[in-house]
Structures are given as structure tokens and as C-alpha cells.
Protein chains: 2
Amino acid sequence: MTEKRELDKRDWIAGLDKGIRIIEAFNDAHPRLTASTAARRTGITRTAARRYLRTLEHLGYVESDGQMFWLTPRVLRLGWSYFDSAKLPRAVQPYLQRIAVALGGATYYAVLDETDVVFVARDGSSQIQNVGFVLGARVSANLAAAGIAMLAYRPKEEVDAWLAGRKFVPYTQHTATTADAVRENIDNARVRGYALLEQQLAPSVRGIAVAIRKRDGTMVGSISVSLPMGTETSERAVARSLPYLREAEYALMSAF
Amino acid sequence: MTEKRELDKRDWIAGLDKGIRIIEAFNDAHPRLTASTAARRTGITRTAARRYLRTLEHLGYVESDGQMFWLTPRVLRLGWSYFDSAKLPRAVQPYLQRIAVALGGATYYAVLDETDVVFVARDGSSQIQNVGFVLGARVSANLAAAGIAMLAYRPKEEVDAWLAGRKFVPYTQHTATTADAVRENIDNARVRGYALLEQQLAPSVRGIAVAIRKRDGTMVGSISVSLPMGTETSERAVARSLPYLREAEYALMSAF
DNA sequence: TACACTTCGCGCGACTATCGCGCACCCGGA
DNA sequence: TCCGGGTGCGCGATAGTCGCGCGAAGTGTA
């Protein structure tokens, strides 16, 4: 969350903002849009929305049957620009792989984007059950060990602001749904130097995460492992996982 | 490759095109850009490029230290819009998982984007070696079994046009580097109903793929499995893989 | 130290790209 | 047959976007 420099009005390209809003108007509930519905969802006039959609169509980012518009896989190129340009996700891959093999779980490298944790690298499949995010997936930071580990390295005031006036949607019976409960998770992570979260997002899944910092101490992301809980105690899971996570943490510190 | 409707000049939003070009100007070789270099890479004037970068910064898609600009993980949201809105990648996930477990390789669901094959869903990690694409990855269609399987379902003329005037960059000693060799791969796939490719992109890796079609016959994507070659014969690999791929093929046909 | 070169931020006046209204039209459902 | 939703498109107005050109700041070299 870098400080936003004040934006001069004359440095604002309205067309770019609108175009991006059009792209993001497509989602699960609205996989295909007409010009009119796209306009309604974005607050743009229908005529303008149509122009943007047709521009995107010409660029190959959307397709259309003349009536409906839908996104093409080409939009993935945009995300790909990030993967290509962000060196950490690449540097981290061998460590993820090693940890995944050693621990038998899915491992992730994740970063914070505002209030969400975004998983930008992954290795290992969870044989037992289908816990697992795909790359680029994002969830509210309080729901994943990766998020808690990173929040523990943000200033207290920021975390408080983050917690204030936030709804915590329960995903399982055990999801922490109060600000205090989430704060406790964060405080625990700060004290211990790692985050341990159980059954917040999915039942019988345990996450363990450590924050990754640069040499100067600034936090850049986190490495986490997702394990089926089974009969293993949390102490045991932490004991066997932490050495690998710590090793990656220190190694990546000098990778910068 | 839908027919492009002729685009009326007045339906063209230059600002959106420029903004997207700015985002795509970031890549492996240019992870961080100044306004000037971004301008050079996109053919936009420096002043304009700076305005677009600052707009993107304000939107949260890039960050800046005042001099350099770099992408943030937020751009992944754009790709995510596609994953959210494309129902097939989601419907396909359980099949991929099942195949991955049964065959012990990495499985992919991929689609065509112009001349590239784009991997949009994945399951399974290859324990043996690090063969594997991440989501959104793209390679020239002739290099992956998934691509060959899909090209086999495109009209011959289109494939010829596709092959004409194309450079085939060798990735291994065995990469097919002539149009005829690639055409033979495609023809084989068309005759057999599945694609088998060996060591085109990486040594000692074998790919087997089938195209996925809707009930009306239109090809929408492909499912493939990537296996280490080891000592297994190609016949044996096909024999044990194909039943799983076929099953997914037929199941997904009705998923539409 | 001074010079040459490159970059940046920014103000400005000019222009054209973009805007949204309004119309005619088409289609499917009641 | 009517109604409500959608589309394509012409048009005139406006303000959003453009790029020049300035001064300042940084970097490498003589």
C-alpha cells in the first residue's frame, strides 16, 4: 500500500478507467454481457459501453455474437505481464516445490493487494482433497494463513483500520467472524513469527505461513503450506513444516 | 477465431488501446519501466505514456517510486475476470484432478488464442521434473499436444494459413521446425482423434491430448496430460492415458 | 569542475476524440 | 398486436486528450 501521490486531474485518462471497468464487469454471475447490461454495471452510458466493447473485441480481448459479449483468454495476457515482470514469483518456485514434496501439501507464494491476499505462485497438489487455489486467486486476507502472516507485519494502526467496519463472512463453522478474533490471530502470528490458521476457509484444512521480507525488513509476500488436518496435531504440523518455511524465508531474503 | 466485424472508426477508443499496450509493455525483460521507456516500447509519446501510467497507478494496477513504474498483482484481477466468467475451466477441474491422480502427470485444460495455446486450468504436479505451465501460460500451438489436438479440428485452409510464413523455433533437438513436419503432426492427430507429441518443448516429456467439443461439434478447448517419457513406450502411454481423456471428453460434451 | 546528454514534471493552447441524445429498427413474450 | 427490451448510427457540442517546449535535475565523461 504505497502512498498515493496526489493525482493531477490532467493526468487522468478517463477512457482507460472505463475500459478496465468494462473488463471487470464480467464475472461469475455475469459471464456474458450485452452492451446495455455492461453499461448498467459500470455506470457508463450504453453508447459508450458499446464503443469500449467493440474496441476490446477488435483488440481480441472479447468476442461477440453481435448481441452478447464475452471475454477471451487473451485477457490472461494482461495478468501474464505481471507474472513475467515480477521476479519474486519466479525466484520462489523451487522453494515451493521442495516444500510441497517434503510436506505433502500445496504450497503458495502470496502477496497482499489492499484487503485481499493474492496467490501468485503455487506448487504441489493436495492428493487428499481439493483444497487449492489457482494462480491469481484472491480471498480476504483474514481467511488465509498467508494473509494473517502478512498482516502481522503491517503497522498496528493499519491493521486496526483494516479490521474496522469490515464484515467477516463465515466460510466454515470455525471462521473467525469478529474483529477481535481476527486480531487475535494476527497478534498470535506476530508473537510467534508464523501464522497458523485452521478451518477458516475450508473444513479440515490447516494453513501455516511465514512472511517474506527483504533485507531492509519490508515485507513483500508470504510462503504458506496448506495441509489436511487429519489426525495430526497442530503442534506436530507446525514442528515439521516450520523448518522448511523458515529456510525458504531466509534464502529468499538474500534473493533480493 | 471469430470473424472480425469491420470496425467503424468512430467505435474505436484510442485511449483503451494505448492503456492496454502500456500494461503489456511490461514483461520479463522489462519488469520496471520509466515513462520514457514505456513510451518507446509502445510507440506512444512520453507525455502520454506518463499520463497512462499515472492513471494506472491511481487505479492500483501499477506502483511507482516516482521514477520507475511496475505492475502490481492487481492486474491479475483482469485475468481473473476471465476465469470467473468462463465456465468451462471450472467444470473441467474435477476431471483434470482425476486424470492427474490416475496417470501421475500434470493435466491441463487449454484453449486456442490466435496462434497460441493458452493453459487455463491445471491439476497435478509432476514429481519427476519441473515440467509444467502455470495458468495463463501460452506457447505456440505447434509445440504442445493440446495445440495440435485443437488445430486438428480447424478447417484445413485455416491450418495451412496458420502454417504459412511461420517460424518454428526449436526448443529441443526434436522440435519439428518445418511446416510439413508440423502438418504431419496435425494430420496424425486428425486421423487418430488424439494428439501425441514428444520432446517438442522440453526433453523427455510426452504430451497426449484430445480436443473438447460441444454437442454441435464446435471445438472449445482440449484436455491434455504431460508425462515424463522414462522407459515407457509411447503406445503404452497412450493406451493407459486415452481412456481417461476420452471419458473426460464425452462427459464435458454434455457439460455444455 | 564543467560540459553534454538524458530524463523528468508541468503548463499551455489547439484539436479531435469522445460523449450521449435521439431516432429507427428488430426481436421475443404476453 | 402491443410492449419492453435490445441494437446501430448520425450528429453537434464539449472537454478530454494531445504533444510541444520549457526549466530543473540527474549521470557519465573530459
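Note that the coordinates shown come from a computational prediction; the quantities given were computed from them, not determined experimentally.
- Across the protein-nucleic acid pair, B:Asp11 atom CG and C:dC19 atom P stand 11 Å apart, rounded to whole Å.
- Between A:Tyr52 and C:dA17, a side-chain N or O to OP1/OP2 separation shorter than 4.0 Å is absent.
- Listed by chain and residue number, B:Asp17, B:Lys18, B:Thr42, B:Ile44 satisfy the side chain to side chain contact (heavy atoms under 4.5 Å, CB included) test with B:Arg21 (two or more places apart in sequence, or in another chain).
- Between B:Phe119 and B:Tyr108, the ring planes lie perpendicular to each other; the angle is over 60°, past the 30° to 60° tilted range.
- For the atom pair A:Ile212 CD1 and A:Ser224 OG, the distance stands at 10.0 Å (nearest 0.5 Å).
- In this entry the distance linking CZ of A:Arg54 with C1' of D:dG6 reads 16 Å, nearest Å.
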Contact letters for nucleotides 20-30 of chain C, in which S counts primed atoms plus P, OP1 and OP2 and B counts the base, heavy atoms under 4.0 Å: BBB--------
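- The distance from atom CG of A:Leu16 to atom P of D:dG16 is 15 Å, rounded to the nearest whole Å.
- Spacing between atom CD of A:Gln67 and atom P of D:dG4 amounts to 19 Å, rounded to whole angstrom units.
- Summarising the geometry, the separation between CZ on A:Arg40 and P on D:dG5 is reported as 9 Å, rounded to the nearest angstrom.
- Checking each of B:Arg51, B:Arg50, B:His58 against A:Asp11 for a side chain to side chain donor-acceptor pair (under 3.5 Å) leaves exactly one that passes, namely B:Arg50.
- Qualifying side-chain hydrogen bond (donor to acceptor under 3.5 Å, both in side chains) partners for B:Arg183, counting only residues two or more places apart in sequence or in other chains: B:Asp160.
- Across the interface with DNA chain D, nearest-nucleotide mapping of A:Ala14 and A:Thr34 shows A:Thr34 to be the residue nearer the 5′ end.
- Heavy-atom nearest nucleotides on DNA chain D were determined for A:Ser36 and for B:Gly15, and the one closer to the 5' end corresponds to A:Ser36.
- Distance CD1 (A:Ile13) to P (D:dG19): 10 Å, rounded to an integer number of Å.
- Here the side chains of B:Leu163 and B:Phe168 are in contact, with some heavy-atom distance below 4.5 Å.
- At a threshold of 4.0 Å, the pair B:Asp65-B:Arg32 counts as salt-bridged, since one of the basic side-chain nitrogens sits closer than that to a carboxylate oxygen.
- For the pair B:Arg50 CZ and D:dG19 C1', the interatomic distance rounds to 14 Å; values are reported in whole Å.
- Computed from coordinates, the B:Trp12 CH2 to D:dG8 P distance equals 17 Å when rounded to whole Å.
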